[in-house]
Amino acid sequence: MSPKNKFFWWVIVSIGFVLIVFVAMAWLFWQPLPPDEKALLVQVFKANFGYLFTVAFLLFAVLGLTLDWFFRFYIIPLGQLADEASLMCSVNPGHRVNIDGGKDVIRLSRIINQNAERYQEIKNNIREKIERAKADVESEKNIFAGLLSELPEGVVICNARGRIILYNRQAKAVLGENDPDGLSEEPRECRQSDRYVGLGRTIYEILDKNLIEHALNEIHLKLERKSPNAASFFVMVSRNHSLIKVEAVPVLDHERIFSGFILIFRDITEKLQRDREVNNQLRSLTKNMRASVSSIRSAAELLLEYPGMEPEQRQSFYTIVHDEARSLSELLNNKWFDYSSFIKTQWPLVTVTTGDFIQGITRRAKETLGVTIDLLHCDCEESIKIDNYSLLLSMLFVLHHLKEEVHVDHFNCTLTRKEGYAVLDFGWRGEPIRLDALRNWENMILKVNEDMIPLTLKDVVGHHDAEIWTYSDREKNGFSYFRLSLPVHDIPASEQIRHLAILSESRPEFYDFDLFNQAGQTSELDNQPLSELTYTVFDTETTGLNPQGGDEIISIGAVRIVNGRILRDEKFDQLVNPQRELSWESIKFHQIQPEVLKGQPTIDQVLPAFRRFVGNTVLVAHNAAFDMRMLQMKEWTTGIRFINPVLDTLLLSAVVHPIHQSHNLESAAHRMGIKVVGRHTALGDAWTTAELFLKLIRLLANKGIYTLKEAREASQKTYYARLRY
Amino acid sequence: MPHKILVVEDEPNILIPIRFLLEKNGYEVMAVENGEAVMEALSAFAPDLVLLDIMLPQMDGFEVCQVIRNHPDWRDIKIAFLTAMGRDMDISKGMSMGGDAYITKPFSNAEVIECVKNLLSDEPQK
C-alpha cells in the first residue's frame with residue numbers, strides 16, 4: 001500500500017473510532033435523564049450550537065494534524081528505515097540511512113549508520129581474506145582452463161541431466177559456431193548456427209538426442225554389469241560435415257553413483273579418408289596382382305603344355321606374359337606399398353562382444369520396428385570391433401526394409417563364428433532379396449523412425465570391413481537369409497584406455513565449480529528455487545513506445561544467468577533493420593542512427609536466432625510487459641513464439657520495496673548500488689537488469705519468496721502489474 | 001556333343017588362355033565381357049557351366065549368379081567363380097549365393113580343368 005493511502009486509512013479509522021466513543025457516551029448520558037431535563041439540555045444545545053460545533057471542529061482538526069505529524073515523522077520513516085537497513089544488510093552495504101523524521105527516528109538512523117560502519121569494517125577484513133583465497137583458486141582454475149583449452153580434442157562436461165557445465169573452445173568449434181573467435185565480418189547472429197554451446201544449456205539441443213541416449217544406455221548397462229570399460233563411442237557428423245568420433249565417459253561420485261558424463265570429440269575425417277584411400281589402393285593392388293599372375297601362369301603353362309601350337313597362338317601368349325610382367329613391375333614400383341602400415345589399426349572402432357551386439361539389435365528391433373528376432377544360435381563371446389550406434393542402426397535399417405519387402409515381422413537369427421568372421425544371419429521363409437534392391441539400400445542414408453545418421457549403409461559396412469548379402473538355402477526348403485559377415489577381433493591389452501572417472505569425496509584440486517549439483521529444468525520449473533534456474537535477461541530498443549501503433553524493434557540485447565552468475569561470453573547483441581523511419585525523439589533516446597540500421601538483418605531473420613539463444617530458459621526484463629508485447633507483435637509474421645516463463649524486475653523491485661515510489665531501472669539499480677553502464681543500449685540495459693535481478697533474488701528470499709511460482713504470484717499482486725501495453 | 005562353357009571375364013589376358021585351354025580340352029566355349037551380356041548368352045548358348053568373374057562392369061558376378069539361380073530354366077547350370085577376390089568372406093558369400101565352385105586367381109590350368117571336369121562329370125553330354 002502506498003504511504004498516502006496508508007495515511008488516509010489511519011485518519012478515517014481514528015476519526016471513526018472517536019465518533020463512536022463520543023456518540024456512545026452521549027447516548028449513555030442521555031438515556032436515564034427525565035423528560036424535563038432532556039428538554040432543558042436540547043434548549044441549551046440549540047442556544048450554544050455555534051460554540052459547540054466550533055469546539056468539535058477544532059478538536060477533530062487537532063486530531064488530524066497530530067496524526068499527520070505522527071505519520072510523517074514516525075510511521076513512514078520507520079518503514080523506510082526498515083527497507084534501507086535491509087538494503088545495507090544484504091545487497092548494498094555501502095548505503096547509509098538518510099531519512100527525515102522525528103528526533104528518535106533520526107537518532108535511530110545514526111545508530112544504524114554507526115553499526116553499519118563497524119559491520120563494513122569487519123566485512124572488509126573478511127573480504128580481503130576471501131579475495132586472497134579466491135585469487136589462489138582463480139590461478140589454479142586458470143591453469144586448468146589453459147590446459148583444457150590447449151587440448152587438441154573438444155571436451156564437454158555435462159551433469160546427469162545433460163546440462164553443460166564445462167566446455168572448451170575446440171568443442172564449441174566442432175559443435176556450434178563456425179567462427180568461435182568472432183573474426184568474421186558477417187553480422188554475428190546471421191552466421192550463428194542453430195546450436196548454441198554454452199554453460200547451463202542442454203547437450204540434447206546440440207547433439208542428436210538419440211546418439212546421447214544410446215551412449216548413456218550403453219554406459220548404464222556397462223555400469224550395472226560392473227564392466228571395467230564403461231565408456232561408449234559413437235560417430236557423428238559436425239556442422240562442417242567432418243566426421244567426429246565421440247567418446248562418452250561416465251563420471252561417478254564417491255559412492256559410484258552416476259553424476260555426469262564427459263564427451264570427448266575427435267575429428268577423424270582426414271584419418272578416415274586416408275585409411276579409406278590406402279584400403280582401396282591395397283585392394284586394387286591385390287586384385288591387379290592376382291589377375292596379372294593368373295594370366296602369366298596360365299599362358300606359361302599352355303606354352304609348356306602345347307609346344308606344337310600355331311605360331312600366332314604362341315605369339316599371343318608371349319605377348320600376354322610380357323604385358324602382364326610389365327604391368328606387375330609397375331605395380332610393385334608404385335608407392336602404394338608404403339601405406340600398408342596404416343591400414344586397419346587406425347579405424348576408430350570399439351570392441352564389444354557378439355552377445356552384446358545381438359542383444360542390442362534384438363531389443364531395439366522389438367522397440368523400434370515391432371520386429372521379433374528368435375535367436376537360434378549364438379557364439380556370444382566373440383569380440384568384434386564396431387561403431388556400436390552406426391552398425392546397430394544399419395541392422396535396424398536392414399530389418400526395417402526387409403519387413404517392408406518380404407512382409408515378415410519375425411526373423412530367425414544365428415550368430416556363428418566361421419574362421420576369422422562373425423556371421424550374423426537373419427532368416428525368413430520366402431524369396432531372398434534381389435541384390436539390386438540391396439544395392440539400393442546400400443546407397444540410402446541410414447534412417448529408422450527418429451534415428452538417423454548422415455551415412456549410407458555402404459559407408460558403415462565398408463567402415464567395418466564387413467560384407468552383406470542375401471541368399472537362399474535350398475536345403476532348408478525355401479528359407480532365405482540376410483547375412484552380415486564381419487571380422488572377429490582379439491582384444492589387445494592396450495585398448496583398455498579410458499574407463500570412467502570417479503570423483504573423490506573432496507573436490508579435485510583444480511575445480512571450484514559446483515559441477516554436478518545444478519538443478520535441471522523440467523516441467524517442475526515453477527517449484528525450483530530462483531537461485532538455481534537459468535535465465536535469459538534481455539532488453540529491446542524500439543522506434544517508439546507504441547507496439548500496436550507500428551513501432552518496431554531496432555535492437556535486441558541479452559545475457560544469460562547460470563547458477564547465479566552472469567556469463568560474460570554468452571551474450572546476444574543484434575541491431576535490427578526496422579524497415580521504417582526512425583523518429584527524432586527516439587534517436588535522441590537510444591542514439592542509434594538510421595544509417596547504422598540499413599545493412600542489418602530484419603526482425604524475421606533475428607528472432608529465430610534469438611529464440612534459439614533463449615532456449616528453454618526463464619525470460620527476465622525490466623518492464624517486461626513492454627518487451628514481451630513487442631515480441632508478441634511479431635508472432636504472426638515470424639511464426640516465432642516465446643512461451644517461456646517471464647519475470648519482470650520492475651515488478652519484483654516493487655515487491656521488495658513497496659514503500660519506494662520509483663522503480664525505473666536507474667532508481668532500482670541505484671538503490672542496489674549497481675553502476676549503470678551503457679544505459680539505453682539493449683545489451684547495456686540487459687546487463688544492468690541482470691545485475692539488478694541477482695540482487696533482487698536475495699531480497700526476495702528475505703521476504704520468503706524462493707521459487708519461480710512465488711516470485712510470479714508476488715509480481716502479479718503489485719500495483720504495477722495492472723499496467724498494460 | 002561337347003559340354004558348353006560360358007566364360008564371363010572382362011580381362012582379355014585371362015580370357016584368351018582360358019578359352020584356349022578349355023577348347024583344347026574338348027569343350028565348346030563362348031566368352032562375354034560383362035554381366036549384362038550373360039543373359040543373352042545364356043538363352044542363345046545354353047551352357048552347362050558358367051565360369052564367372054566377380055568384378056565385372058555394370059552387373060557384378062554375384063548379381064549374375066543370383067539371376068541364374070532364380071531363373072527356372074537356368075537353375076541347374078553349374079557356376080564356378082573365377083576371381084581375384086580371395087578373402088574367406090568372399091568365398092563364403094559366393095558359395096552361399098549359389099556358386100558350385102570358387103577358384104581364386106592366380107590359378108593353375110590344371111586346377112581349372114579339374115574343377116570343370118568335376119562339375120560336369122554328372123552332366124550328360126548334349
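Computed over heavy atoms, backbone and side chain alike; hydrogens, waters and symmetry mates excluded. Since this is a predicted model, take the numbers as computed values, not measurements. Labels below follow one simple rule: chain letters A, B, ... track the order of the sequence lines, proteins then strands, and each chain is numbered from 1.
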Can a donor-acceptor pair be found between the side chains of [X] and [Y] at a distance below 3.5 Å?
X: A/Thr456; Y: A/Trp441; result: no
X: A/His377; Y: A/Asp379; result: yes
X: B/Ser121; Y: B/Asn118; result: no
X: A/Thr354; Y: A/Glu382; result: no

Query - Among B/Met89, B/Gln66, B/Arg87, residue most engaged with chain A (heavy-atom pairs, under 4.5 Å) - result: B/Met89
Report task. Select, from B/Asp88, B/Val67, B/Val112, the one with the greatest count of heavy-atom pairs under 4.5 Å involving chain A. Result ->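 Most heavy-atom pairs within the cutoff with chain A belong to B/Asp88.
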Query - Residue of the set A/Phe482, A/Tyr481, A/Phe479, A/Phe426 for which ring-ring contact (aromatic ring centres under 6.0 Å, His included) holds with A/Tyr471 - result: A/Tyr481
Query - B/Asp90 portion near chain A, given a 4.5 angstrom heavy-atom threshold - result: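 Only the side chain of B/Asp90 comes within 4.5 Å of chain A.
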Requested in this report: Check whether B/Thr83 gets within reach of chain A through its side chain, its backbone, both or neither, counting any heavy atom under 4.5 Å.
Outcome: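 Interface part for B/Thr83: neither.
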Go through the atoms of [X] and report whether side chain, backbone, both or neither lie under 4.5 Å from a heavy atom of chain B.
X: A/Ala300; result: neither
X: A/Asp436; result: both
X: A/Thr319; result: neither

**Report entry** Residues of residues 23-30 of chain B with any heavy atom under 4.5 Å of a heavy atom in chain A
**Finding:** B/Lys24, B/Asn25
Report task. Kindly say whether the aromatic ring centers of A/Phe317 and B/Phe20 come within a distance under 6.0 Å. Result -> yes
Query raised in the report: For the rings on A/Tyr318 and A/His322, is their centre-to-centre separation under 6.0 Å?
Result: no
**Report entry** Within 6.0 angstrom of A/Arg326 CZ, more than 12 heavy atoms from elsewhere
**Finding:**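 12 or below, so no.
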Query - For chain B, which residues of residues 302-311 of chain A have heavy atoms nearer than 4.5 angstrom - result: A/Leu302, A/Tyr306, A/Met309
Requested in this report: State whether the side chain of B/Glu63 and the backbone N or O of A/Leu435 hold a donor-acceptor pair below 3.5 Å, judged by distance alone.
Outcome: no
**Report entry** Exam field: side chain A/Arg417 to backbone A/Ala422, donor-acceptor pair closer than 3.5 Å
**Finding:** no
**Report entry** Spacing of A/Ile358 atom CD1 and A/Thr353 atom OG1 [to the nearest 0.5 Å]
**Finding:**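 Between A/Ile358 CD1 and A/Thr353 OG1, I get 11.0 Å after rounding to 0.5 Å.
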Query raised in the report: What are the two closest non-hydrogen atoms of B/Leu15 and B/Ala31, and how far apart are they?
Result: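 For B/Leu15 versus B/Ala31, the nearest heavy atoms are CD1-CB, 3.5 Å.
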Query raised in the report: Which heavy atom of A/His464 sits nearest a heavy atom of A/Asp387, and at what distance?
Result: NE2-N, 2.8 Å
